[in-house]
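Everything numeric here is computed off the predicted structure, so don't read it as measured data. As the structure lists them, so they are numbered: ligands from 1, and atoms in each ligand from 1.
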Amino acid sequence: MSSPIPCYLPRVTIVGAGRVGSTLAQRIAEKNLADVVLLDIVEGMPQGLALDLMEARGIEIHNRQIIGTNNYADTAGSEIVVITAGLPRKPGMSRDDLLKTNAKIVVEAAKNAIAHSPNAIFIIVTNPLDVMTYLAWQATGLSRSRIMGMAGVLDSARFETFIALELGVLPADVKAMVLGSHGDLMVPLSRYATVNGIPITELLDAATIERLIERTRNGGAEIVELMQTGGAFFAPASATSVMVESILLNQSRLLPIAAYLQGEYGLEDVVIGVPCRLGCGGIESILELNLSDSEREALQTSAQSVRRNIERSQEILAGKL
Ligand code: TXD
């Protein structure tokens, strides 16, 4: 006799079981959101991590399955695919320096994953983020609502953290939105940042806000410099899990997401961070804010730098660089 309640559990594949990927697997399982398939090219490593996470289930009190694999066949039928495969930055490197190594890895991962999960929604995490999202969009042929990059949620969380530390308030009470590319040219919108609805411009002077914006822009590099081996992964995994959750639970959260633009903000054929509503269909809509001249100019500059790197990436993939 069939059960009246569908015993169906969503499945999230994470390609790249490194620091971000494995921490994301932990977040997803422990939030009880979905079963997880962790895939990496290193043999044994994702299997070991999956077993370790499975052995924590009794203590953390959840029943999600975590599978480790080196084989894309095991990822079949995933609702969401997250790509974190690729190299992280070393001290002194910019995210763009990773273009050559990571372009081929992300294109290959995207093609392999879509072949086994044709209905999945893709979230790209690998740097340089905006370009990698563009390449994965190109490689999969997915509609733009179903492929996106994670960066703005992390950059906004960093900005919110620094505002909260400065004011001595609960970080969750601070709301901010950082748009643009994931790099030095990101566009933190300070006039939209609030503490429980109170604009930070009423709480902090202009010089202090500028200092916090600078620290946000440098947020990833600050951690790379301190750690020397690899970069941030706890907050990146948290930020990605928020996107996974908004899709799986159809929350329609309004989040800054790296999306393929077709005329929004006057930008065409480029991926960049903009406010999007994120639900079970992926990107449900893109919100066009009424930006000031300087904000619009900053977004344009940010998009131009992504576009230059997209052009470089096409030459790299064609074997010309
Ligand atoms: O805001 C953001 N978008 C980011 C992006 C925040 C933090 C990290 N960001 C980027 O994510 C970072 O610059 C890297 O490009 C990726 C992954 O960072 P992570 O810190 O997790 O790097 P690791 O620990 O080196 O893990 C990468 C894994 C590693 O286990 C490799 O063996 C694997 O990727 N890898 C592959 N897996 C599958 N297939 C292929 N081809 C492959 N190549 C490497």
Side-chain angles (χ1 to χ4, degrees), residues 13-27 37-50 68-72 74-75 81-91 93-113 116 122-136 139 148-159 178 180-184 186 216-224 227-244 255-259 271-273 306:
T13 282
I14 301 170
V15 183
R19 291 199 270 198
V20 176
S22 57
T23 311
L24 176 63
Q26 179 187 8
R27 298 261 194 275
V37 182
L38 253 183
L39 183 144
D40 204 280
I41 37 162
V42 179
E43 282 181 23
M45 183 262 259
Q47 290 86 344
L49 288 166
T69 185
N70 308 111
N71 185 349
Y72 278 91
D74 294 326
T75 68
V81 172
V82 182
I83 298 181
T84 76
L87 301 189
R89 282 194 281 174
K90 294 196 178 77
M93 275 176 105
S94 83
R95 293 177 178 93
D96 294 345
D97 294 335
L98 297 169
L99 191 57
K100 209 164 177 176
T101 44
N102 289 352
K104 288 175 190 151
I105 292 175
V106 167
V107 167
E108 181 199 278
K111 283 186 174 162
N112 283 325
H116 291 89
F122 278 62
I123 302 174
I124 313 304
V125 177
T126 308
N127 273 324
L129 188 272
D130 308 271
V131 186
M132 293 302 128
T133 306
Y134 185 96
L135 296 185
M148 65 202 79
M150 186 292 291
V153 180
L154 171 66
D155 294 330
S156 303
R158 286 181 172 151
F159 192 25
V178 176
S181 61
H182 184 50
D184 306 338
M186 66 180 72
T216 303
R217 285 212 173 93
N218 199 40
E222 184 179 358
I223 292 175
V224 172
M227 290 174 58
Q228 292 288 310
T229 52
F233 58 99
F234 289 120
S238 294
T240 313
S241 80
V242 160
M243 291 172 64
V244 168
L255 300 169
I257 285 170
V271 168
I272 203 156
V306 175

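Listed by number with element, the atoms of ligand 1 under 4.0 Å from a non-hydrogen atom of Leu129 are 3 (N). Near Ala232, with a cut-off below 4.0 Å to any heavy atom, the atoms of ligand 1 are 7 (C). Near Asn102, with a cut-off below 4.0 Å to any heavy atom, the atoms of ligand 1 are 15 (O). Near Pro236, the atoms of ligand 1 lying under 4.0 angstrom from a non-hydrogen atom of the residue are 6 (C), 7 (C). Near Leu87, meaning under 4.0 Å from one of its heavy atoms, ligand 1 places the atoms 13 (O), 14 (C), 15 (O). Listed by number with element, the atoms of ligand 1 under 4.0 Å from a non-hydrogen atom of Leu154 are 1 (O), 6 (C). Counting atoms of ligand 1 from 1 in the listed order, those under 4.0 Å from a heavy atom of Met45 are 30 (O).
In terms of protein heavy-atom proximity, atom 39 (N) of ligand 1 is closest to Ile41 CG2, 3.7 Å. Given atom 17 (C) of ligand 1, the protein heavy atom at minimum distance is Thr84 O, 3.1 Å. Remark: minimum distance from atom 13 (O) of ligand 1 to any protein heavy atom is reached at Asn127 ND2, 3.0 Å.
The shortest separation from a heavy atom of Gly86 to ligand 1 is under 4.0 Å, placing the residue in contact.
Summarising the local packing, CG of Asp184 is surrounded by 12 or fewer heavy atoms from other residues, nucleotides or ligands at distances under 6.0 Å.
Contacts of Val20 with ligand 1, taken as heavy-atom pairs under 4.0 Å, involve both backbone and side chain. Only the side chain of His182 comes within contact range of ligand 1, with a heavy atom under 4.0 Å; no backbone atom does.
Close N/O approach between Met150 and ligand 1 is found [any backbone or side-chain N/O within under 3.5 Å].
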